[in-house]
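Numbered from 1 within each chain, the chains take letters A, B, ... in sequence-line order.
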Protein chains: 2
Amino acid sequence: MATSGSETVLPIREGEEEKKAEQQIDPWDVQAGRDENGNVLAFDYEAISKKWATKLIDEDLLQRFERLTGHKPHRWLRRGLFFSHRDFDRILDKYEAGEPFFMYTGRGPSSDALHLGHTIPFSFTKWLQDVFDVPLVIMLTDDEKALFKEKLTFEETYKFGLQNAKDIIACGFDLKKTFIYSDLEYISGPFLTNVWEFSKLVTFNQVRGAFGFNESTNIGRIMFPAVQCVAAFATSYPEIWSDKPTKERTKALAKIPCLVPMAIDQDPYFRLVRDNAHRMRYPSPKPALIHSKFLTALQGAGGKMSASDPNSAIFMTDTPNQIKNKINKHAFSGGRETLEEHRELGGIPEIDVAFQYLSYFEDDDEKLKKIEDSYRSGELLTGELKKMAIELIQGNVKEFQSRRNAVTDELLRQYMTPRKLEWKGNPNPKPKESKKEKGAAA
Amino acid sequence: MATSGSETVLPIREGEEEKKAEQQIDPWDVQAGRDENGNVLAFDYEAISKKWATKLIDEDLLQRFERLTGHKPHRWLRRGLFFSHRDFDRILDKYEAGEPFFMYTGRGPSSDALHLGHTIPFSFTKWLQDVFDVPLVIMLTDDEKALFKEKLTFEETYKFGLQNAKDIIACGFDLKKTFIYSDLEYISGPFLTNVWEFSKLVTFNQVRGAFGFNESTNIGRIMFPAVQCVAAFATSYPEIWSDKPTKERTKALAKIPCLVPMAIDQDPYFRLVRDNAHRMRYPSPKPALIHSKFLTALQGAGGKMSASDPNSAIFMTDTPNQIKNKINKHAFSGGRETLEEHRELGGIPEIDVAFQYLSYFEDDDEKLKKIEDSYRSGELLTGELKKMAIELIQGNVKEFQSRRNAVTDELLRQYMTPRKLEWKGNPNPKPKESKKEKGAAA
């Protein structure tokens, strides 16, 4: 891949002798590969999918999705940002059969504001929730973040979690069918019992392999995968299914499958739960997964927007001016060194970050195609392309901020209250007429 | 040690080649040592104390206890059944200074009824609670038992726990100052946050050493020590200290020390918490410990009453006749082979199980001394000694059963409800006059 015309080249990290490196992806560390000169390569998502034996999302699957739901696949499906899955087709079977399922996604609260990259899985999940009309649980892993970040306390991550939840709510989730919870606040009883039951099925050797732990790893980290795993069991949330959960219903609840939209780096957790779900006392189906790529960092392919590097990311708190400056200054360009060269050779949309961002947020396929063609031909200049991306992202962030301003502490508390959710496919609908009936009986 | 006259000799366990063995004591395995002929030896409690660097309870400590509390030390202290401690003297300092402390003990519910050996630490704890007038929490480790007993489910251990709690209540604890909880039912919020915080301080290597884990140990077992450890922190129970617990009080609560009466085999847990208590965000003092020996099995010294061997133990559900038969048939005797020999050589109280049981339950020191002398002289026969033990234990069990019959589900629920406890030294007493004052103000 051409890297000429680059405004920024990711530096080789200090102290490293081997320049060439394989990409490294696990839930706590995401590094793209590097070539023999030490240049960072783009993530090779097909290679990850192959290595982990996930299925790539193909045209057939998307056509079936559209046929069954009556919805055109989201642009992030059409354009491969969500690119891989496990058993998503079985969730479509459930949908087709009118059988219940639920969705689960999460956020590790390591800072107090989301960046654009964080909002994408949530916006996608919200869209899926609207299409499927199913209950959704959103886990804030404040426990995990304090366990894995040496300097963060549980008090801090809990507070970050509450702030993040407000951002998540601003992505537009329907209150009636969405339960957001902090692990530190919510986990107890049935959920905690599931955690222990799951932890009995998994040895240190197994998590060591899956997560790269060693003998000096703290015991909290070793235990934590059980928490993230059992969050995919419907039995962990008896309240969302019924006003009066009973033990008798647990076995039936266990059979309700889960769909987890997530970034590909979280896959190791779900391999673990998929390997063990059938071994629970009340056996559960393997959770289905739908994997996203990482939102490209401003610095370009091979980077990942990161909360700890302010210049890598557009934050949802950024002003229009900050957005403009960040993209103009930091967004890796696929344009050429000089105007003449650009007019002659054309830009390279594949490595151009502004173009990538346009492709995330411009829903109109035809319009996007025209932009791409025009850029590739050399007609459209980098500055013009960036301007389009800036405007689109400014608009997106502005809308987000306006929704975010409406999220009060009171509303937050409503989303975070364990309660029966309401949705079309609810197998145990709320008897809305009960008051009337009481009146009639009296 | 003479083993002549024995009615039962503990068999060498099958498949073992080495006859001689060191005693082995940890929270999950208690085995007395064996001599070169494979005969089981008595537990060597001084050796355990020395190995684990605990302090033996001496006459000075008991005299100070009596001076401060005005109570004669319990016979189990006088006779060395509670024989060892860590920092018990510092608890006495607190008592002397009128400063708050609390007590914590527990039970691993692996069966649905307690035996006589189980009730001893509880009866002793009840006595200490009466003497000190302090709050007490009693933990039912239903989580632990299901993690460590392959065949037990969490549902079963939870149920066992509720039954055990009724037995524990029958030991006479004051409802106003006692909170009993099931781990699976109670743990959440502040307690669970303490568990995670503690787990961040401890590595796999550390618990491997302390508890004999290995790489094939399940991750729940690896995590569990953190649960048992933080149960010794006052911050794990904000409700027992205040009607309206606030975060601001957490730091002050953390400083309230804990006294843990327990069998010596649980010491490894508390070494771990004593090593790490000061490293918590709100540093806590090292919990103080007071250690008991094991209640000798019917089969004699070197055995431990065990719920899984019905002939080793007197169960609290046994009928007077069952008690009589068990002691007559199974209690290891320190008497001689023949009447003539017994009259000539005398009995050996030190190895006589009936005599040991008498010493646990006969409070009158003089009376006990007379029995001992008479048995040692050959005057008192084994049958007569057993009769005394039988009557004393029958009486003890009968009283227990009558209290146990009075424990309703309703009463159980009261003990198990998280609530503000009330005691003399309560640093935050309930304003009993508030109603009156309200009335006066109105």
- Separation between CZ (B:Phe198) and CD1 (A:Ile219), nearest 0.5 Å, reads 7.5 Å
- Query: Would you say A:Ser188 and B:Leu192 make side-chain contact, with heavy atoms under 4.5 Å?
  - Reply: no
- Item | Pair A:Lys200-B:Arg221, side chain to side chain contact (heavy atoms under 4.5 Å, CB included): steps then yes or no | CA-CA 7 Å; A:Lys200 190 176 176 181; B:Arg221 291 186 188 182; 5.8 Å; no
- Message: Please classify the contact of A:Thr217 with chain B as side chain, backbone, both or neither, using a heavy-atom distance under 4.5 Å.
- Response: backbone
- Based on non-hydrogen pairs under 4.5 Å, which of B:Val202, B:Thr193, B:Asn214 is most in contact with chain A? B:Val202
- Message: Is A:Gln206 in contact with chain B via its backbone, its side chain, both, or neither, using a 4.5 Å heavy-atom distance?
- Response: neither
- Task: Supply the atom-to-atom distance A:Asn218 CG to B:Trp196 CH2, rounded to the nearest 0.5 angstrom.
- Result: 9.5 Å
- Message: Distance check, rounded to the nearest 0.5 Å: A:Glu197 atom CD versus B:Leu147 atom CG?
- Response: 10.0 Å
- Item | Atom pair CZ (B:Phe154) and CG (A:Asn194), whose distance is rounded to the nearest 0.5 Å | 10.0 Å
- Task: Sort B:Ile187 into side chain, backbone, both or neither according to what part of it lies under 4.5 angstrom from a heavy atom of chain A.
- Result: both
- Message: Report which part of A:Val207 has an atom under 4.5 Å of a heavy atom belonging to chain B: side chain, backbone, both, or neither.
- Response: side chain
- Item | Under 4.5 Å from any heavy atom of chain B - which part of A:Ile222 | both
- Note on the structure: With chain B, the option among A:Arg208, A:Glu150, A:Glu155 that has the most non-hydrogen atom pairs under 4.5 Å is A:Glu155
